Protein chains: 2
Amino acid sequence: MKLITRNTDYALRAICYIAKENKIVTAPELVKVLGVPRPFMRKILQRLSKEKILESHKGQAGGFKLNLLPKKISIIQIMHIFQGQTGLDGCFLKKDICPNRGKCILRKKIRVIENNALTQLRQINIAVLIKG
Amino acid sequence: MKLITRNTDYALRAICYIAKENKIVTAPELVKVLGVPRPFMRKILQRLSKEKILESHKGQAGGFKLNLLPKKISIIQIMHIFQGQTGLDGCFLKKDICPNRGKCILRKKIRVIENNALTQLRQINIAVLIKG
DNA sequence: GCTTAATGATACCATATTAGTATCTTTTGT
DNA sequence: ACAAAAGATACTAATATGGTATCATTAAGC
Ligand code: FES
Ligand code: FES
């Protein structure tokens with residue numbers, strides 16, 4: 001039941017910090033503030049800017065700032081980036097597709113629960129998180 | 001977002017089968033029916049009987065049967081057995097406890113979502129799953 | 001009582017995912 | 001030119017999960 005992973009957590013914290021500061025923030029600054037290993041933080045930031053969540057500025061006095069309004073960044077997007085597709089199947093039968101697939105009750109129930117969770121996750125955006 | 005793991009899935013399928021048959025079922029039979037690797041299935045069954053979900057009978061003509069009414073076996077119990085504690089923290093800050101812990105909004109939100117999922121999972125029991 | 005077919009216990013290996021590191025190149029303000 | 005930033009990429013480590021192998025123990029049935 002691990003909803004969010006470490007990557008995602010770090011990413012969210014970084015984004016929140018950048019959102020609060022509302023200025024260009026450098027990787028070293030984030031490393032200091034969040035206490036995350038430097039190369040790891042950099043990797044995460046690169047990913048976020050590649051995904052257009054952040055906007056990066058190279059060169060001296062460079063850094064990162066948000067590329068979207070905090071309101072427009074849902075945590076589910078970030079989960080997507082670092083954890084791949086969110087939905088899953090609920091049936092692990094070997095390699096082949098389970099013959100029972102259509103009727104499987106467990107499968108259906110799990111689907112519903114997942115969708116509920118996803119709906120709730122979609123509501124949470126950065127604006128919500130930084131607002132005390 | 002992997003709600004249930006392979007272990008759990010296999011276990012649930014085994015339990016459902018045993019519940020439907022409503023007799024003593026052997027590991028080899030389950031292996032055949034469910035198409036799960038034999039030693040793996042055995043390991044799962046052993047665990048289930050150790051946890052008092054199943055009742056095991058040794059010796060020739062031995063096997064497993066349910067130790068509880070299907071209604072009394074919630075899938076969350078099985079998740080517990082094979083996936084450990086279900087709740088988690090939502091904060092991954094290094095080793096120490098996050099100073100922000102108390103106020104952290106993300107944390108709270110995640111908690112709520114998890115609890116909702118858990119509540120829903122608690123509703124699902126074997127009786128529900130085997131009822132067409 | 002001996003054989004056989006079952007489970008109990010345990011220790012081990014394989015694979016995938018996640019976490020983290022290292023290194024080198026490119027860009028840009030001063 | 002130089003320094004300080006990000007870009008790119010390839011590698012290693014740790015952990016969790018999935019799966020295997022082996023040997024001991026129990027009990028029904030002849
Ligand atoms: S048993 Fe295969 S989908 Fe549920
Ligand atoms: S940032 Fe530590 S609990 Fe949320």
Side-chain angles (χ1 to χ4, degrees), chain A residues 1-11 13-14 18 23-32 34-65 67 78-79 81-86 88 91-95, chain B residues 1-11 13-14 18 23-32 34-65 67 79 81-86 88 92-95:
Chain A
M1 277 269 304
K2 190 163 55 177
L3 289 184
I4 70 169
T5 186
R6 207 140 166 166
N7 264 322
T8 305
D9 185 66
Y10 288 168
R13 296 227 287 269
I18 297 170
K23 63 163 198 192
I24 288 190
V25 177
T26 68
E29 180 173 351
L30 285 164
V31 165
K32 212 193 227 165
L34 303 179
V36 171
R38 193 177 343 181
F40 197 30
M41 185 79 261
R42 291 207 355 121
K43 196 159 107 175
I44 290 169
L45 292 169
Q46 282 185 16
R47 192 72 199 280
L48 287 172
S49 80
K50 195 183 273 173
E51 302 283 348
K52 310 289 187 201
I53 306 290
L54 299 179
E55 169 186 306
S56 77
H57 296 274
K58 286 174 149 192
Q60 196 174 24
F64 301 88
K65 60 187 276 260
N67 190 34
I78 312 301
M79 289 174 64
I81 291 170
F82 293 103
Q83 309 179 37
Q85 277 299 109
T86 38
L88 98 158
C91 176
F92 294 99
L93 191 66
K94 282 290 187 189
K95 43 214 163 194
Chain B
M1 276 271 305
K2 190 163 56 175
L3 289 185
I4 69 170
T5 186
R6 207 140 166 164
N7 264 321
T8 305
D9 185 67
Y10 289 166
R13 296 228 286 270
I18 296 170
K23 62 162 197 193
I24 288 190
V25 177
T26 68
E29 180 173 352
L30 286 164
V31 166
K32 211 192 226 165
L34 302 179
V36 170
R38 192 176 343 177
F40 197 30
M41 185 80 260
R42 288 210 353 120
K43 197 158 106 174
I44 290 169
L45 291 169
Q46 282 187 16
R47 192 71 199 281
L48 287 171
S49 80
K50 194 183 277 174
E51 302 283 347
K52 309 289 186 201
I53 305 290
L54 298 179
E55 169 185 306
S56 77
H57 296 272
K58 287 174 146 192
Q60 194 173 26
F64 302 87
K65 61 185 277 257
N67 190 33
M79 289 174 64
I81 291 170
F82 293 102
Q83 309 178 37
Q85 276 300 109
T86 38
L88 98 158
F92 293 100
L93 191 66
K94 283 289 182 186
K95 42 214 162 192

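Bear in mind the structure is a predicted one, so any value in this text is a computation, not a measurement. Numbered from 1 within each chain, the chains take letters A, B, ... in sequence-line order. FYI, side chains are in, hydrogens and waters are out, and symmetry mates aren't considered; it's all heavy atoms of this structure.
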For A:Thr8 and for A:Gly59, locate the closest nucleotide of DNA chain C by heavy-atom distance; then report the residue assigned to the nucleotide nearer the 5' terminus. A:Thr8

Within the structure, does a side-chain N or O atom of [X] lie under 4.0 Å from either OP1 or OP2 of [N]?
{"X": "B:Thr5", "N": "D:dG18", "value": "yes"}
{"X": "B:Thr26", "N": "C:dA5", "value": "no"}
{"X": "A:Asn7", "N": "C:dA19", "value": "yes"}
{"X": "B:Tyr10", "N": "D:dG19", "value": "yes"}

Which sits closer to the 5' end of DNA chain D, A:Gly62 or A:Lys43, going by the nucleotide each is nearest to? A:Gly62

How many angstroms lie between atom CG of B:Asp9 and atom CG of B:Leu34, to the nearest 0.5 angstrom? 9.5 Å

Nucleotide nearest [X] (side chain, heavy atoms from C-beta), chosen from [options]:
{"X": "B:Gln60", "options": "D:dT20, D:dA6, D:dG29", "answer": "D:dG29"}
{"X": "B:Ser49", "options": "C:dG20, D:dT17, C:dG8", "answer": "C:dG8"}
{"X": "A:Phe40", "options": "D:dG18, C:dA9, C:dT21", "answer": "C:dT21"}
{"X": "A:Pro37", "options": "C:dG20, D:dG19, D:dT9", "answer": "C:dG20"}
{"X": "B:Lys58", "options": "C:dG20, D:dG19, C:dT7", "answer": "C:dT7"}

How many Å lie between [atom1] on [X] and [atom2] on [N], as a whole number?
{"X": "A:Glu55", "N": "D:dA5", "atom1": "CD", "atom2": "P", "result": "18 Å"}
{"X": "A:Gln46", "N": "C:dT25", "atom1": "CD", "atom2": "C1'", "result": "12 Å"}
{"X": "B:His57", "N": "C:dG8", "atom1": "NE2", "atom2": "P", "result": "10 Å"}
{"X": "A:Met41", "N": "D:dG7", "atom1": "CE", "atom2": "P", "result": "13 Å"}
{"X": "B:Arg38", "N": "C:dA5", "atom1": "CZ", "atom2": "C1'", "result": "13 Å"}
{"X": "B:Arg6", "N": "C:dT17", "atom1": "CZ", "atom2": "C1'", "result": "14 Å"}
{"X": "A:Lys52", "N": "D:dG7", "atom1": "NZ", "atom2": "P", "result": "10 Å"}
{"X": "B:Arg42", "N": "D:dG19", "atom1": "CZ", "atom2": "P", "result": "17 Å"}

Could you tell me whether A:Phe82 contacts a base, only the sugar-phosphate backbone, or nothing, with contacts defined as non-hydrogen atoms closer than 4.0 Å? nothing

Could you work out, with salt bridge (charged side-chain N to carboxylate O under 4.0 Å, His left out) as the rule, every residue matching B:Arg47, not counting sequence neighbours? B:Glu51

Minimum side-chain heavy-atom gap A:Asn7-A:Ile78 below 4.5 Å: no

Which pair of non-hydrogen atoms, one from B:Val31 and one from B:Arg38, has the smallest distance, and what is that distance? CG2-CA, 3.6 Å

Quick one: which of B:Thr26, B:Leu45, B:Val25, B:Ile24 gives a side-chain contact (heavy atoms from CB on, under 4.5 Å) with B:Phe64? B:Leu45

